There are 2 protein chains.
Amino acid sequence: MSEVILKDALVTLKESGVRITPQRHAILEYLISSEMHPTADEIYKALEGDFPNMSVATVYNNLRVFRNTGLVKELTYGDSSSRFDFVTHDHYHIICDHCGKIVDFHHPGLEEVEHLASHVTGFQVNSHRLEVYGTCPECAVSVQKAK
Amino acid sequence: MSEVILKDALVTLKESGVRITPQRHAILEYLISSEMHPTADEIYKALEGDFPNMSVATVYNNLRVFRNTGLVKELTYGDSSSRFDFVTHDHYHIICDHCGKIVDFHHPGLEEVEHLASHVTGFQVNSHRLEVYGTCPECAVSVQKAK
DNA sequence: TAAACTAATGATAATGATTATAAAGAAGTA
DNA sequence: TACTTCTTTATAATCATTATCATTAGTTTA
Ligand SMILES: [Mn+2]
Ligand SMILES: [Mn+2]
Ligand SMILES: [Zn+2]
Ligand SMILES: [Zn+2]
């Protein structure tokens with residue numbers, strides 16, 4: 001299933017004049033298959049078996065290439081390092097305050113909020129960012145036990 | 001006007017057993033008077049006239065103290081450094097993609113989104129974060145001219 | 001095909017925000 | 001005053017990310 005997505009991504013890259021290297025192929029494949037919004041370092045570690053000589057700079061460079069091509073979104077939180085999400089359809093994220101897990105969820109876009117914001121501030125609005133925070137079901141269990 | 005807010009903040013600190021040092025007083029005062037959501041370094045630079053010997057670590061330490069007391073919110077965006085916002089009433093932010101300016105705006109809380117997110121993910125929801133991005137009126141003018 | 005050009009990789013150094021450490025100073029307490 | 005605790009300051013350490021640059025690989029041109 002993710003085969004098609006990968007193929008499409010490769011086409012997009014080729015159309016943007018970006019060469020498909022084995023490293024790029026592997027990073028993309030990993031991003032598409034992963035549900036966990038990995039950091040650059042996690043990607044690096046996940047691929048070091050197949051690419052023992054790959055530099056961490058290559059991971060960063062290529063994530064930037066993917067971001068500029070619109071294939072990948074960078075998620076930035078307060079904590080240390082960025083996380084990366086392969087772009088399919090629009091979605092929001094809910095994040096566990098305890099374990100840091102990031103889970104996708106869907107919700108109609110908040111155009112109303114964008115309109116109001118534009119109206120009261122005079123900005124031309126391009127986009128918005130929304131995240132919900134809380135306790136994931138797994139962590140809720142642990143918190144129960146701790147009592 | 002912000003006098004009252006400062007007084008209240010000092011009371012909150014005292015009640016939390018936090019000593020009021022001249023540096024803390026100055027950082028708080030600066031945060032309250034500033035509309036611009038400054039970074040730690042901007043605060044440091046703004047106060048170096050009055051406190052030539054103050055260490056940048058003191059700024060960071062005290063911002064953390066204020067954050068833990070609930071007086072200050074830390075705003076983390078992708079770009080390098082955190083920004084700090086003195087907490088008064090809840091509000092959202094709209095951010096200019098061109099100049100980085102951060103402007104407050106008010107909008108009813110998005111409880112509906114929190115409920116739906118909780119429902120589809122099984123999380124216990126605590127909070128959410130929303131930012132709107134776009135072009136501020138000033139930058140819109142510059143963009144016009146550039147054409 | 002060979003030469004020339006261009007892009008990508010990998011090793012390593014640099015950057016920059018933030019945190020840790022430890023000594024010195026100030027305030028609080030008995 | 002003696003003792004304890006907190007705070008500041010200077011400085012070093014950390015760590016993610018970016019820059020540099022030589023090497024390699026791919027593409028284009030002659
Ligand atoms: Mn996602
Ligand atoms: Mn604000
Ligand atoms: Zn969790
Ligand atoms: Zn602007």
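For clarity, every value in this text was computed on a predicted model and none was experimentally measured. Numbered from 1 within each chain, the chains take letters A, B, ... in sequence-line order.
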Got a sec: does the NE2 of A:His115 have more than 12 other heavy atoms crowding it under 6.0 Å?
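Not buried by this count: 12 neighbours or fewer within 6.0 Å.
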DNA chain D: 5'-proximal contact among B:Ala57 and B:Val18 (nearest heavy atom):
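That would be B:Val18.
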What is the distance from OH of B:Tyr44 to P of D:dA10, rounded to the nearest Å?
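To the nearest whole Å, that distance equals 8 Å.
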Starting from C1' on D:dT18, measure out to CZ on A:Arg67 and report it in whole angstrom.
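Answer to the nearest Å: 12 Å.
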Selection from [options] that lies nearest to any side-chain heavy atom of [X]:
| X | options | value |
| --- | --- | --- |
| B:Thr21 | C:dA27, C:dT18, D:dT8 | D:dT8 |
| B:Asn62 | D:dC6, D:dT8, C:dA17 | D:dT8 |
| A:Arg19 | C:dT6, C:dA26, C:dT9 | C:dT6 |
| A:Ser55 | C:dT19, C:dG10, C:dA8 | C:dG10 |

Take B:Asn61 and B:Phe84, find for each the nucleotide of DNA chain C with the closest heavy atom, and name the residue whose nucleotide sits nearer the 5' end.
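Checking each residue's closest nucleotide, the 5'-ward one belongs to B:Phe84.
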Does OP1 or OP2 of [N] have a side-chain N or O of [X] closer than 4.0 Å?
| X | N | result |
| --- | --- | --- |
| A:Arg24 | C:dA8 | yes |
| B:Thr58 | D:dT7 | no |
| B:Tyr60 | C:dT19 | no |

